[in-house]
Amino acid sequence: MACLATTVGAIILSGFINLTAANKDPCDLHAAVGQSLTLPFVHEGTAKSDVFRWTHNSTIIFYRQHGRVSVGRPEDMFANGSLLLRNLQISSAGTYQVNVLNVNGTLAKAWTGRLCVTDRVPKPQVTYTCDLKSGAVHLSCRTTAKSQPPEFSWTLDGKALAGETKPTLSISLARLEGERSFACGAANGVSREKSDAVRPTCGSPPSPATICLPARAAAAAAAGGAGVILLLLGAVVALCRSRARTRGLRLNKGEPDPAGGGYMTLTPTQDSAPKGPDSPPGACYERVSQTEAETDIRPAQLSTGVGGQPSPVPKPRTKAPQTPNI
């Protein structure tokens, strides 16, 4: 059991060490292309008799002995022994080392550091597109960085938007009321650039019932609508005239008027009433109302007797029932 526990512990410790090494930045120093950098080395009590030897990837880039510089420029090293690097390039990256030797050749002090050089992040540019269907505006922060992708940030009216670290940003159209300006920033650890402010202009989403037509199409539609209305009016007028003519013909013939709901009975006048079926066809007739016509066609009433009582009506004869012979 003790052996197993020791093995498991060694595995866990080895994994932790590897994880720590993976998360550790391999570069001690970071700089941008074109930048100047002073290597952070300090040696107190520097004497002219001391020997300074600076190397870059094992190549001597500065050497001074007994106060005389044989490699490099004297102004590149400060009094404390630090070294100035000018106009850094990608090729300037690597391991830098300095050794300080006493007069007798013994090592007095040493320092080693690794430098990483990165291109400057270009100035970003903000573009946007309006999405009226979703009611949002989509902004993009574009940069032409060729090395590692930069870190992004966004500002709204000059104030930083917390948590917005992606190269894209979506904002609802409701937040665009008034003049709102957006800008993005890009940084890569050694340089930082900010874009120009952009003020998105997006129209409001169209109403579902709104139909947009060109001017000519709208005029043509209006003219067509007016023509249809005139045709309908003409048809209605013609129909009304036709029905009025039909109604007049029916009234002249004595037929019932469907619209009036009654009958017109034609009765002969006293002056020109026909005497019989042989009356001339040009005889005149008088119009009477429906009530009068109904009165004329009622059945005759029974005559009344004395005291206003109706005369008795004789009962019909009935035969007596015959008794069968037994």
Side-chain angles (χ1 to χ4, degrees), residues 16-42 54 56-57 61 76 78 80 82-98 111-131 134 136-202:
F16 178 77
I17 293 175
N18 293 335
L19 181 61
T20 303
N23 294 332
K24 184 180 178 180
D25 189 353
C27 300
D28 301 309
L29 302 172
H30 291 272
V33 173
Q35 183 180 354
S36 297
L37 176 68
T38 301
L39 298 177
F41 172 75
V42 177
W54 280 93
H56 172 224
N57 296 333
I61 58 175
D76 289 344
F78 296 96
N80 60 0
S82 58
L83 185 67
L84 175 63
L85 302 179
R86 304 172 186 271
N87 192 20
L88 294 174
Q89 301 299 320
I90 298 297
S91 59
S92 303
T95 302
Y96 288 84
Q97 184 177 9
V98 59
W111 175 87
T112 302
R114 181 173 179 80
L115 173 64
C116 292
V117 180
T118 309
D119 290 323
R120 286 182 176 274
V121 62
K123 183 177 181 179
Q125 181 181 6
V126 176
T127 59
Y128 70 91
T129 56
C130 299
D131 189 354
S134 62
V137 55
H138 306 290
L139 299 100
S140 298
C141 186
R142 301 180 181 276
T143 180
T144 58
K146 298 180 181 179
S147 56
Q148 61 183 12
E151 298 177 357
F152 294 95
S153 61
W154 290 91
T155 59
L156 172 59
D157 294 336
K159 297 181 180 179
L161 295 176
E164 298 295 343
T165 58
K166 295 181 180 180
T168 57
L169 178 67
S170 296
I171 298 292
S172 64
L173 294 179
R175 298 184 63 180
L176 294 182
E177 296 180 358
E179 293 187 359
R180 311 302 296 271
S181 61
F182 294 85
C184 73
N188 60 358
V190 296
S191 63
R192 181 181 182 85
E193 293 290 342
K194 185 178 180 181
S195 70
D196 296 331
V198 173
R199 292 179 174 83
T201 54
C202 299

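Just so we're clear, the structure is a prediction, and the values are computed from it rather than from any experiment.
Listed here is the closest heavy atom pair of Val126 and Cys184: CG2-SG, 3.6 Å. For the residue pair Asn87 and Gly34, the shortest heavy atom distance occurs at OD1-CA, 3.5 Å. When all heavy atoms of Val33 and Gln89 are compared, the closest pair comes out as CG1-OE1, 3.6 Å. Heavy-atom minimum distance, Leu39 versus Ser82: O-CB, 3.3 Å. Looking at every heavy atom in both residues, Ala187 comes nearest to Arg192 through CB-NH1, 3.6 Å. Scanning all heavy atoms of the two residues, the minimum distance from Gly113 to Asp28 falls at CA-OD2, 3.5 Å.
Using a 4.5 Å heavy-atom threshold, the side chains of Pro122 and Glu193 count as separate. Here the side chains of Ser195 and Gln125 are not in contact, with every heavy-atom distance at 4.5 Å or above. The side-chain heavy atoms of Asp76 and Ile61, taken from C-beta on, include no pair separated by under 4.5 Å. The shortest distance between side-chain heavy atoms of Val117 and Leu37 does not fall below 4.5 Å. Side-chain contact check for Pro200 versus Leu139: some heavy-atom pair is nearer than 4.5 Å.
Residue Arg199 holds its CZ atom at 5.0 Å from OG of Ser181, rounded to the nearest 0.5 Å. Atom-to-atom distance recorded for Thr168:OG1 and Phe152:CZ is 9.5 Å, nearest 0.5 angstrom. We find the CD-OG1 distance between Gln35 and Thr118 to be 10.0 Å, quoted to the nearest 0.5 Å. A distance of 9.5 Å separates CD in Gln97 from CH2 in Trp54, rounded to the nearest 0.5 Å. One finds the CG atom of Leu84 at 4.5 Å from the OG1 atom of Thr38 (value rounded to the nearest 0.5 Å). For the atom pair CD (Glu164) and SG (Cys141), the distance works out to 12.0 Å, reported to the nearest 0.5 Å.
With hydrogens and angles disregarded, a donor-acceptor distance shorter than 3.5 Å links the side chain of Ser191 to the backbone of Val121. With hydrogens and angles ignored, the 3.5 Å screen pairs no side-chain donor or acceptor of His138 with any backbone N or O of Ile171. Looking only at distances, a side-chain donor or acceptor of Trp154 sits under 3.5 Å from a matching main-chain atom of Lys166. Checked by atom type and distance alone, the side chain of Asp131 never pairs as donor or acceptor with a backbone atom of Val137 at under 3.5 Å. Here the side chain of Asn188 pairs a donor or acceptor atom with the backbone of Asp119 at under 3.5 angstrom.
Residue Arg86 places its CZ atom among more than 12 non-hydrogen atoms of other residues, nucleotides or ligands, all under 6.0 Å distant.
Considering only residues two or more places apart in sequence or on other chains, Leu156 meets the side chain to side chain contact (heavy atoms under 4.5 Å, CB included) condition with Leu161, Arg175, Arg180, Phe182.
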Walk me through it: do Leu85 and His56 pass the test side chain to side chain contact (heavy atoms under 4.5 Å, CB included)? CA-CA 11 Å; Leu85 302 179; His56 172 224; over 6 Å; no
Mind running side chain to side chain contact (heavy atoms under 4.5 Å, CB included) on Val42 and Phe78 for me, showing each step along the way? CA-CA 9 Å; Val42 177; Phe78 296 96; over 6 Å; no
